[in-house]
Amino acid sequence: MHGGQAVRLSRAPIAGTRVTASRAVTSAERKHGRSGDFVLLGFSTRFTSPDGTELTAVDETIVVLDALTKGTSA
Amino acid sequence: MNTPAVVGDVCPPRRYTHSRVQLFRFSAVSWNSHRIHYDAEFAASEGFSDVVVQSTLHGQTLTRYALEWAGSDACLESVSWRNVATAVAGEPLTWNATVRAVAPCDSGVRVTLDVSMVRDDGAPCVTGHVDLTCRAARTSP
């Protein structure tokens with residue numbers, strides 16, 4: 001499930017611009033909460049124009065509840 | 001927003017409810033196929049009292065009400081939020097916002113809002129920030 005998100009609009013894309021989206025896993029942490037153990041994944045997505053200018057940046061966290069097998073503690 | 005924003009200003013709250021149909025449509029347009037958002041029976045099997053409001057719909061609502069408050073001269077710069085608790089279809093929610101910062105920028109004035117979505121019992125579902133740029137003509141003293 002979604003933990004949260006940050007969206008930054010750096011520059012408005014112009015119609016016809018070829019946009020490249022690059023997505024990466026930026027973090028993976030074992031955590032412990034009210035519902036038990038889980039893994040918190042961080043993702044970063046950058047949308048850029050052909051000259052490398054950032055158009056939009058999105059950073060988000062995903063909570064993975066079933067990522068840990070029984071007997072594995074966070 | 002008819003007058004210049006001042007740090008500490010409290011925006012008029014917005015009260016709203018997401019319907020099941022609205023959540024279904026939002027799942028469709030955002031390519032979100034998780035069944036907890038459109039299948040009430042499945043959502044119940046996962047322990048939810050109804051279909052679950054998408055996090056990204058929370059983000060869209062945070063932004064939309066902030067822009068409506070700011071007026072037609074405002075542009076969105078950034079939005080960020082954290083999901084604190086689940087909200088479901090039919091549940092009354094309230095959008096709250098307070099002006100956290102006001103600063104001049106190249107295109108006018110940059111306004112940062114502290115925002116939240118709150119249930120009727122006062123518990124927040126979502127907390128976050130919205131950054132807007134407002135043209136100087138509307139917001140400068």
Side-chain angles (χ1 to χ4, degrees), chain A residues 1-49 51-70 74, chain B residues 23 26-27 30-37 42-43 45-48 51-64 66-67 70 74-88 105-107 110 112-117 123-133:
Chain A
M1 68 179 67
H2 219 172
Q5 191 164 347
V7 180
R8 182 176 66 241
L9 306 177
S10 307
R11 183 168 298 184
I14 297 169
T17 301
R18 180 173 291 276
V19 178
T20 300
S22 303
R23 189 165 167 83
V25 177
T26 54
S27 62
E29 295 178 77
R30 290 184 175 188
K31 297 279 189 180
H32 184 82
R34 284 171 295 181
S35 57
D37 296 336
F38 61 94
V39 172
L40 197 61
L41 296 177
F43 289 91
S44 169
T45 309
R46 295 291 180 269
F47 299 87
T48 55
S49 60
D51 67 359
T53 302
E54 179 184 289
L55 302 173
T56 299
V58 178
D59 295 303
E60 56 195 311
T61 55
I62 305 292
V63 181
V64 185
L65 296 175
D66 298 329
L68 299 175
T69 57
K70 286 184 178 178
Chain B
L23 298 189
F26 194 81
S27 277
S30 60
W31 285 71
N32 183 343
S33 58
H34 200 312
R35 289 170 65 188
I36 60 171
H37 300 305
F42 180 81
S45 74
E46 295 278 306
F48 300 109
V51 289
V52 175
V53 180
Q54 299 91 340
S55 169
T56 41
L57 181 55
H58 282 312
Q60 189 271 350
T61 309
L62 283 178
T63 302
R64 181 158 52 90
L67 286 167
C75 290
L76 177 68
E77 297 291 335
S78 68
V79 57
S80 62
W81 71 94
R82 181 169 167 264
N83 299 313
V84 180
T86 301
V88 297
C105 64
D106 290 344
S107 53
R110 181 140 177 166
T112 302
L113 299 177
D114 287 333
V115 291
S116 63
M117 309 293 206
C125 297
V126 175
T127 59
H129 308 286
V130 179
D131 286 310
L132 306 167
T133 299

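Chain letters run A, B, ... following the sequence lines, proteins first and then strands; every chain starts at 1. Values below: all heavy atoms of this structure, side chains included; hydrogens, waters and symmetry mates excluded.
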Review point. Among B:Leu76, B:Val126, B:Val84, which residue forms the greatest number of heavy-atom pairs with chain A at distances under 4.5 Å?
Key: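 Heavy-atom pairs under 4.5 Å are most numerous for B:Leu76.
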Check your understanding: Take atom CZ in A:Arg46; do more than 12 heavy atoms of anything else shown fall under 6.0 Å from it?
Key -> yes
**Study point:** Over 12 foreign heavy atoms within 6.0 Å of CZ, B:Arg64
**Key:** yes
Drop me the distance from [X]'s [atom1] to [Y]'s [atom2], to the nearest 0.5 angstrom.
{"X": "B:Glu46", "Y": "A:Met1", "atom1": "CD", "atom2": "CE", "value": "8.5 Å"}
{"X": "A:His2", "Y": "B:Ser55", "atom1": "NE2", "atom2": "OG", "value": "4.5 Å"}
{"X": "B:Asn83", "Y": "A:Gln5", "atom1": "CG", "atom2": "CD", "value": "9.0 Å"}
{"X": "A:Arg8", "Y": "B:Asp131", "atom1": "CZ", "atom2": "CG", "value": "11.0 Å"}

Exercise for review: Check B:Thr63, B:Thr56, B:Val79 against A:Val7 for a side chain to side chain contact (heavy atoms under 4.5 Å, CB included) and give me the one that passes.
Suggested key: B:Val79
